[in-house]
**Q** 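Input: one structure, supplied below.
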Amino acid sequence: MTSTDVHKDVEDSGPSGYAAARLRLLQEGARSGPPRRSALSDLTDDWLSGLFTAGAEALRGVSLIAVGGYGRGELSPRSDLDLVLLHDGSDSGAVAALADRIWYPVWDLGLALDHSVRTPAEARKTAAEDLKVQLGLLDARHIAGDLGLTAGLRTAVLADWRNQAPKRLPELQELCAERAERQGELQYLLEPDLKEARGGLRDATALRAVAASWLADAPREGLDDARRRLLDVRDALHLTTGRATDRLALQEQDQVAAELGLLDADTLLRQVYEAARVISYASDVTWREVGRVLRSRAVRPRLRAMLGGGKPVAERSPLAEGVVEQDGEVVLARAARPDRDPVLPLRAAAAAAQAGLPLSLHAVRRMAAGVRPLPTPWPAEAREQLVTLLGSGQPTIDVWEALEAEGLITQMLPDWERVRCRPQRNAVHIWTVDRHLIETAVRASEFTRRVHRPDLLLVAALLHDIGKGWPGDHSVAGEIIAKDVAARIGFDRDDVAVLAALVRHHLLLVDTATRRDLEDPATVRSVADAVGSQGTLELLHALTEADALATGPAAWSSWRGSLVADLVKRVAAVLAGDDPDEPEAVAPTAEQERLAIEAVATGSPVLSLRAQTEPPALTEGQPAGDPEPLGVELLIAVPDQPRVLPAVAGVLAVHRLTVRTAELRALDLPDGVEGSVLLLNWRVAAQYGSLPQAARLRADLVRALDGSLDVAGRLAERDAAYPRRRGVVAPAARVTVASAASRHATVIEVRAQDAPGLLFRIGRALEDAGVRMRSAHVSTLGANAVDAFYVTDGKGAPLGAGEAASVARKLEETLRG
């Protein structure tokens, strides 16, 4: 049946003709989606226009208007008809009679009707009092009657909306937030409300209202398609249920999928989630922009008065190389070159998450459009920035979603595509697979002080369910994928094996603890054989808890936790052997020996800076590029004296150098050379900008050692010069004594959030405690510092148990203060 035939039925048969034509249109399989919604709106317009014309007769100054979804021409099969009978107030009695002649036929057909009769002044007054009325009128569309009356109201309502936007938009944002709190997030719900949940049709309408205010606009890419997809699903839901419902119940999802020609209910949900994600992200970006504009408008008059006119320049404070903060967002520095800096997206994301700030939409799109793919394997900095991002806690989620919205995550990790927006039909799980993986990393970030390799824990959290979406056991499939991903990220062979084992066995502890007899030695032995080492067991324990906590409230309890802890204790006893002693001294290289002899001869520190690089990965069809920087190797030889560690660490912090790894040890000098020398072999990197000259570093180190450079004061002065950011709420520092780790010294282990000056504070606290340092072994894994200090008393002997505990306690208090 053609559109002309449908409209002819309406003209010929009145209400009954409209009902028949409407039914035929909805049953017409060849037409669906926007064409059907538009045709249904046109059909309804023709019918209502006929009712209006028959009832209005000689009446003037009155019009019939569609508002809301009907006003947008988007009638779903069971949608309400939202109508306003607008009149100039000259003949209220005749208007009331006309209203009855329109409303009653609609009711007689069993159609839902939302109606009102108002003058333009009454409509504007009601809109000013009721935000929902005003939103509906923004989509007002003329159906019949006095076109000038309708046009006048539309013009007035839009003008009112734009004039009142600074007041009404915060009110609209609050309504959206309250609705999200009640209905949840559409992109994660197994039985979502397509209209009311966050990321649903109501939010899409709110974005249209923001755009109409001219105050801000939503990201356009993909938004119309996402909205159309949700409307298509709602149409199918109405047709299959025969009801005006927006809730996509489990028992109806297969039928709705079939109506849409989709493979199954999972495919349906995934499309719904993808659409909701687009709308949710657009909402986040838009409301952030609204807030920025409103703040700017509030501040600008005061600034102009203070500055004597002129446009104020936005402050930009550096966060990392190529990354700055501006107006409460993370943006790219003016000199940033995404096309030459493949690590930039991860560096920007890590900086944003650490600062607790959003990534600006412009920055993400600029990187997505122009960034060069990461080489394989990734350079060390990329791996470190990924670990920093994953370890940043709750802010990681928003930053990750910003990267994912523009395709940067799947560009870096192609295997992510299979788990993206994948539903989990399990009452225990509250997230899609991809969000669950990020939530697990967030939970794991709370446990980074419990493990020696927080980087492996965080990456394992990201990958542990990566096998979902593949046939068979997801743990087995995930192990294969994890090996490939870990190698591409740049982990060495041993670390790849650990990550693969963690993914393969991420359910082992909780399944065994809750389903097997822990008194049976064979049970414990089987777990020990699967885990293989104390280090892997430690990581698996933390991963198990993070995974369960990220699954949902039903997946973890104190009872489960105690069972798993008991199993871990038993397995650890089986795996326990002789604890390793302090590493044997490594013979110095020729350069190290040369520096040591020069330090003895001059009685002052000597240092060498040397860039570390690795060959670039070759991409087919592209010429070889410059070597990828790994950092700078800093060698320092210092005559043995107190306060070497805090002095060196403090000078590096003053020069904005980040310590990635560090070794401090006494160096055996060649026969015939008198004296004692400490050798520091560190890998450092500039936070941003260029490296300082070696001569400048040496001069400041000399001053720090003789006390003429106030390192603590310089660091405090610099901190005070920059604004305080909310940033990451990191787990508290943890300091422990590894009592059996060495026969020659006491080992103090420190696990803390890396920060400028951290190593300076640790070194100064240890010096203040009156202990001597035999050696130090420092690692920075993402944003986590994992350090071990071998210390003795003044006579060179290990500390007593009480003294060691006291030193550890004071150091922990210093780091938490």
**Q** Would the distance check show the side chain of T523 and the main-chain N or O of E519 forming a donor-acceptor pair, the cut-off being under 3.5 Å?
**A** no
**Q** Under 3.5 Å, side chain of H464 to main-chain N/O of A461, donor-acceptor pair present?
**A**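 Such a contact is found between H464 side chain and A461 backbone.
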**Q** Spell out, as yes or no, whether a donor-acceptor pair under 3.5 Å connects the side chain of R418 to the backbone of G469.
**A** yes
**Q** Verify salt bridge (Lys or Arg N to Asp or Glu O under 4.0 Å) between D193 and K195, making sure each step is shown before the conclusion.
**A** CA-CA 5 Å; D193 188 307; K195 188 175 184 179; over 6 Å; no
**Q** If the threshold is 4.0 Å, N to carboxylate O, is there a salt bridge linking D415 and R488?
**A** yes
**Q** Using atom types as modelled and distance alone, determine if a side-chain donor or acceptor of T396 lies under 3.5 Å from a backbone N or O of G393.
**A**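 Indeed, once roles are kept as given, a pair shorter than 3.5 Å links the two residues.
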**Q** R247 side chain to E191 main-chain N or O, any donor-acceptor pair under 3.5 Å?
**A**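 Judged by distance alone, yes, a pair lies under 3.5 Å.
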**Q** Examine distances only and state if a side-chain atom of E446 and a backbone atom of P731 form a donor-acceptor pair shorter than 3.5 Å.
**A**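 No, E446 side chain to P731 backbone: no donor-acceptor pair under 3.5 Å.
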**Q** Considering only residues two or more places apart or on different chains, which pairs with a residue in residues 541-558 satisfy salt bridge (charged side-chain N to carboxylate O under 4.0 Å, His left out)?
**A**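 Listed once each, the pairs are R450-E545.
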**Q** Run the salt-bridge test on R449 and E812 with the 4.0 Å N-O cut-off and return the result as yes or no.
**A**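 Salt bridge absent between R449 and E812.
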**Q** Is E417 salt-bridged to R420, going by a charged N under 4.0 Å from an acidic O?
**A**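 Salt bridge flag = yes for R420 with E417.
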**Q** Between R665 (side chain) and S775 (backbone), is there a donor-acceptor pair under 3.5 Å?
**A**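 Such a contact is absent between R665 side chain and S775 backbone.
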**Q** Check this for me: does any side-chain nitrogen of one of E274 and R229 sit under 4.0 Å from a carboxylate oxygen of the other?
**A**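 Salt bridge flag = no for R229 with E274.
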**Q** Please check this pair: side chain of T440 against backbone of H436, looking for a donor-acceptor N/O pair closer than 3.5 Å.
**A** yes
**Q** Would you call R425 and D266 a salt bridge, taking side-chain N to carboxylate O under 4.0 Å as the test?
**A** yes
**Q** So, the side chain of D246 versus the backbone of L194: is there a donor-acceptor pair under 3.5 Å, distance only?
**A**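 Here the side-chain-to-backbone pair does not exist.
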**Q** Under a 4.0 Å threshold between the charged nitrogen and the carboxylate oxygen, would D529 count as salt-bridged to R525?
**A**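 The answer is yes: the pair qualifies as a salt bridge.
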**Q** Would T448 and R751 satisfy side-chain contact (heavy atoms from CB on, under 4.5 Å), going step by step from the backbone distance to the final call?
**A** CA-CA 8 Å; T448 50; R751 300 171 198 177; over 6 Å; no
**Q** Can you tell whether the side chains of R422 and D465 come within less than 4.0 Å, N to carboxylate O?
**A** no
**Q** Within the distance-only criterion (no hydrogens, no angle test), does the side chain of W682 pair as donor or acceptor with the backbone N or O of T661 below 3.5 angstrom?
**A**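 Judged by distance alone, no pair lies under 3.5 Å.
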